[in-house]
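Right, one structure below, let's go through it.
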Amino acid sequence: MDATISGAQATGLVTAHKPTGRISDPVFVGLLWGCGIFVLILLGLIIAMLFEGGLPALREFGISFLWSTTWNPVTERFGAGVMVFGTLFSAVIAVIVALPLSFGIAFFLTEIAPGPLRRPIGVAIQLLAAVPSIIYGMWGFFIIVPLMAAYVQPPLIDWLSPIPVIGALFQGPPLGAGMLTAGLIMAIMILPFITAMFVEVLESVPPMIKESAYGVGATTYEVYRNVSVPYGRTAMVGAVMLGLGRALGETMAVTFVIGNATRMSASLFAPGATIASTIANEFPEASTGSLKLQALLQLGFILFVISFIVLALSRLLVRTKG
Amino acid sequence: MASLARRRATDYTVKLISTGFAALSLVFLAWILWTLLARGLPALGPHVFTKITAPPGAGGGLLNAIVGSLIQIGVALAIGTPVGLLCGTFLAENGRGTSVGNAVRFVNDVLLSAPSILIGLFVYQLLVVPFGGFSGWAGAMALAIIVIPVVVRTTEDMLNLVPIGLREAAFALGAPQWKVVTFVTWRAARAGIVTGILLAVARAAGETAPLLFTSLGNNGWSISLNAPMASLPIAIYQYAASPFEDWVALAWAGALIITVGVLTLNILSRLVLAKMK
C-alpha cells in the first residue's frame with residue numbers, strides 16, 4: 001500500500017515538473033544537436049572554401065598543377081610538385097626518427113621506470129608537445145641549424161657523399177638549414193603524441209597474456225616485442241599515422257629551419273619547402289585575387305586532403321582496436 | 001633459440017637504450033627551456049610589459065602584442081567555449097551510438113590535428129576577403145576554431161566519467177534534460193571541463209600560423225577588433241627573423257613569456273586531471 005502511494009506521488013512529481021521541460025527541453029536538445037552539426041558544417045566549409053579559392057589556379061594550370069615542379073612568381077607559373085615532395089620528405093624523416101625513439105620511451109615508461117618516476121617523466125615528455133611550434137622554430141634556427149652546419153653535416157658529407165646511390169642523400173654544401181634539420185625538429189615535436197598513444201595501447205594489454213609469456217621464461221624485452229607490441233599493433237600504426245599527420249601540417253618550426261628554397265633535391269641537406277612553409281612565407285607577397293594567392297589556396301587544399309586522409313586513417317586504425 | 005646469456009644481454013641492452021631514449025627526450029626539453037631562459041631572461045625587463053613595439057634601437061616593448069593576444073584569446077574563448085561545451089555534451093549525452101554522433105566525433109578528431117595554417121587560410125577566405133581587411137575579429141575567429149575541438153574532446157571525456165546513475169537519479173525525479181545536464185552532469189564534471197578550457201587557452205596562446213593571414217599583426221597601439229591586431233606569437237615571428245639585435249632579444253623575451261605561460265597551464269590542468277581520475 002505504501003509503495004503505491006509513493007509511486008503515485010512520484011508520478012505526480014513528474015507531471016508537476018513536465019511543463020518546465022516541455023518548451024525548454026526541445027530548445028536545449030536542439031541546441032546540442034545544432035552544435036554537433038556545426039562541427040560537421042565547419043569541416044565542410046573549410047574544404048569548400050579552400051577548394052573554391054584555389055579553383056582558378058587549377059583551371060589555369062590544369063591537373064598538372066599537382067606535380068609540376070615550376071614555382072616562378074615572376075612568370076606566374078605555379079606548380080605544387082616541389083612542395084608536395086618537401087612536405088612528404090620532411091614528414092617521413094620525422095616519423096623515421098621519432099618511431100624508434102617512441103618505441104624505446106614507451107618501453108621505458110611501461111616496463112622499466114620505477115613506479116613513482118613514471119608519471120613525472122611521462123608528463124615531462126608530454127610537455128614537449130605543449131611547447132608552441134614557433135619556439136621550436138626559434139630554437140631550431142638559432143641553436144640547431146648552426147650545430148648542424150658546423151659539426152653534423154660536414155663529416156657526413158665527407159664520409160657518405162662519395163658512396164653511389166645513398167650518396168645522393170648527402171650531396172650539397174653544409175648549410176645547416178634543410179630537409180634533415182626540419183625532419184629532426186619535427187621528430188621531437190611529434191614524439192610525445194606517438195609515445196602517449198603507444199603507452200595507452202601498451203597499458204591496455206591484458207596482464208594475463210603478458211604473465212603467460214613471463215611464465216615460460218621470456219625476458220622483459222621479449223614480452224614487449226612478441227606479446228605487447230603485436231597485441232596493440234593496429235592502434236600503434238594509427239598512432240604513427242597521427243604523428244605523420246601532425247608533421248605534414250607543421251608550419252612555424254619548419255618555416256624557420258627548412259631553408260625555403262622552391263627547388264627539388266633528393267639530398268637530406270638541401271634547403272627545400274613544404275606546403276605549409278610556402279603558404280606562410282609567400283602569402284604576404286600575394287595580393288588579393290592574384291594568381292599566386294589562388295595557387296597558395298590550392299596548395300592549402302592539397303595539404304588538407306593529404307592530412308585528412310592520413311588523420312582519418314589514423315582514427316580508423318586506433319578505433320578498430322576497440 | 002639463442003642462449004640464455006645472449007637473451008639476457010639483449011634484454012639488458014634494449015633496456016639501456018630505451019632508458020637512454022627517455023633521457024634524451026628530457027634533455028631536449030631541458031635544452032629548449034635552458035635556451036629560453038639564457039636568452040629570454042636577460043632581455044626581460046619592465047619595458048617589455050610597459051612599452052609598445054617600436055623601430056629597432058628605439059627601446060620598444062611588447063605591450064601591444066601581449067594585450068592583443070589576450071583580447072583575441074578572450075574573444076576566441078567567448079565564441080569557442082559555449083560551442084565546444086554544447087558539442088561535447090551532445091557527443092556524451094545525445095549523440096552516443098548514433099551515426100551523427102560518430103561522424104561528429106570523427107570530424108572533431110580530424111580538426112584537432114588539422115594543420116592550423118589552413119584554419120588561417122579558411123578564415124582569410126571567410127572573413128578577411130569579404131569584409132575588406134585583416135582584423136582582430138578574424139584572428140579571434142581563427143583561434144576559436146582551434147579552441148572548439150579541444151573543448152569538445154575534453155568535455156566529452158569528462159562527461160563520460162560521470163556515473164550514469166547520477167543522471168538516472170535526476171531523471172527519475174522528473175527533471176527535464178536541460179536541468180539534468182546543467183545542474184547534475186556539468187556540475188559533476190566541472191573541474192574537468194575547466195581543465196579542457198585551460199588546455200584550449202594554452203593551445204591558442206602559442207598558435208602563430210592561424211594569425212598570419214587573419215589579424216596580421218600591428219606595430220601600433222590598437223585594441224579595436226575591427227583593425228589588424230598585434231599578437232605575441234606574430235611579434236616573435238617578425239622579430240626573431242629580423243637582423244636587429246634588440247628585436248631578436250625581445251623575441252626571446254616574448255618566447256620565454258609564452259612558453260612559461262603555456263607550460264604552467266599544461267601542468268596545472270594535468271594536476272587537476274590526475275586528481276579526478
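Here is the naming used below: chain letters follow the sequence lines, and residue numbers restart at 1 for every chain. In what follows, every heavy atom counts, from backbone to side chain, and hydrogens, waters and symmetry copies are set aside.
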Report which part of [X] has an atom under 4.5 Å of a heavy atom belonging to chain B: side chain, backbone, both, or neither.
{"X": "A/Leu191", "answer": "side chain"}
{"X": "A/Met252", "answer": "side chain"}
{"X": "A/Phe304", "answer": "both"}
{"X": "A/Arg119", "answer": "side chain"}
{"X": "A/Ile144", "answer": "side chain"}
{"X": "A/Leu128", "answer": "both"}
{"X": "A/Phe256", "answer": "side chain"}
{"X": "A/Leu303", "answer": "both"}
{"X": "A/Thr251", "answer": "side chain"}
{"X": "A/Thr255", "answer": "side chain"}
{"X": "A/Ser307", "answer": "side chain"}
{"X": "A/Ile135", "answer": "side chain"}
{"X": "A/Leu242", "answer": "side chain"}
{"X": "A/Ile46", "answer": "both"}

With only heavy atoms counted, which part of [X] is less than 4.5 Å from chain A, the side chain, the backbone, both or neither?
{"X": "B/Val128", "result": "neither"}
{"X": "B/Leu24", "result": "side chain"}
{"X": "B/Ala202", "result": "neither"}
{"X": "B/Thr19", "result": "both"}
{"X": "B/Ala251", "result": "both"}
{"X": "B/Leu26", "result": "side chain"}
{"X": "B/Leu36", "result": "side chain"}

Tell me whether the count of non-hydrogen atoms from other residues, nucleotides or ligands lying under 6.0 Å of [atom1] in [X] goes above 12.
{"X": "B/Arg8", "atom1": "CZ", "result": "no"}
{"X": "A/Arg118", "atom1": "CZ", "result": "yes"}
{"X": "A/Tyr214", "atom1": "OH", "result": "yes"}

How about [X] and [Y]: do any of their side-chain heavy atoms sit closer than 4.5 Å?
{"X": "B/Leu126", "Y": "A/Met49", "answer": "yes"}
{"X": "B/Lys15", "Y": "A/Phe107", "answer": "yes"}
{"X": "B/Tyr124", "Y": "A/Leu293", "answer": "yes"}
{"X": "A/Trp139", "Y": "B/Trp31", "answer": "yes"}
{"X": "A/Ile279", "Y": "B/Phe213", "answer": "yes"}
{"X": "A/Met138", "Y": "B/Arg39", "answer": "no"}
{"X": "A/Trp33", "Y": "B/Val104", "answer": "no"}
{"X": "B/Phe28", "Y": "A/Tyr136", "answer": "no"}

To the nearest 0.5 Å, what is the distance between [atom1] on [X] and [atom2] on [Y]?
{"X": "B/Leu263", "Y": "A/Leu127", "atom1": "CG", "atom2": "CG", "answer": "5.5 Å"}
{"X": "B/Gln125", "Y": "A/Glu52", "atom1": "CD", "atom2": "CD", "answer": "6.5 Å"}
{"X": "A/Ile134", "Y": "B/Ile236", "atom1": "CD1", "atom2": "CD1", "answer": "5.5 Å"}
{"X": "B/Thr182", "Y": "A/Phe28", "atom1": "OG1", "atom2": "CZ", "answer": "6.0 Å"}
{"X": "A/Cys35", "Y": "B/Ile148", "atom1": "SG", "atom2": "CD1", "answer": "8.5 Å"}
{"X": "A/Leu42", "Y": "B/Leu111", "atom1": "CG", "atom2": "CG", "answer": "5.5 Å"}

Below 4.5 Å, heavy-atom pairs only: which of [options] has the largest tally toward chain A?
{"options": "B/Thr10, B/Leu85, B/Asp109, B/Leu212", "answer": "B/Asp109"}
{"options": "B/Ser25, B/Gly206, B/Ala255", "answer": "B/Ser25"}
{"options": "B/Gly95, B/Ser113, B/Ala240", "answer": "B/Ser113"}
{"options": "B/Ile267, B/Leu33, B/Asp11", "answer": "B/Asp11"}
{"options": "B/Val100, B/Ile17, B/Val152", "answer": "B/Val100"}
{"options": "B/Leu121, B/Ile119, B/Val262, B/Val83", "answer": "B/Leu121"}

Highest number of heavy-atom pairs under 4.5 Å with chain B: which of [options]?
{"options": "A/Ile125, A/Ile112, A/Thr220, A/Leu43", "result": "A/Thr220"}
{"options": "A/Pro192, A/Gly34, A/Ala124", "result": "A/Ala124"}
{"options": "A/Leu45, A/Val131, A/Val123, A/Val27", "result": "A/Leu45"}
{"options": "A/Ile275, A/Ile143, A/Leu109, A/Ile47", "result": "A/Ile143"}

Minimum-distance pair of heavy atoms, taken over all atoms of [X] and [Y]:
{"X": "A/Leu40", "Y": "B/Val107", "result": "CD2-CG2, 3.6 Å"}
{"X": "B/Ile258", "Y": "A/Pro132", "result": "CG2-CG, 3.6 Å"}
{"X": "A/Leu50", "Y": "B/Phe122", "result": "CD2-N, 4.3 Å"}
{"X": "B/Cys87", "Y": "A/Gly36", "result": "SG-CA, 3.8 Å"}
{"X": "A/Phe108", "Y": "B/Ser18", "result": "CB-O, 4.0 Å"}

Within residues 99-106 of chain A, residues adjacent to chain B where the heavy-atom gap is under 4.5 Å =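 The residues closer than 4.5 Å to chain B, in numerical order, are A/Pro100, A/Leu101, A/Gly104, A/Ile105.
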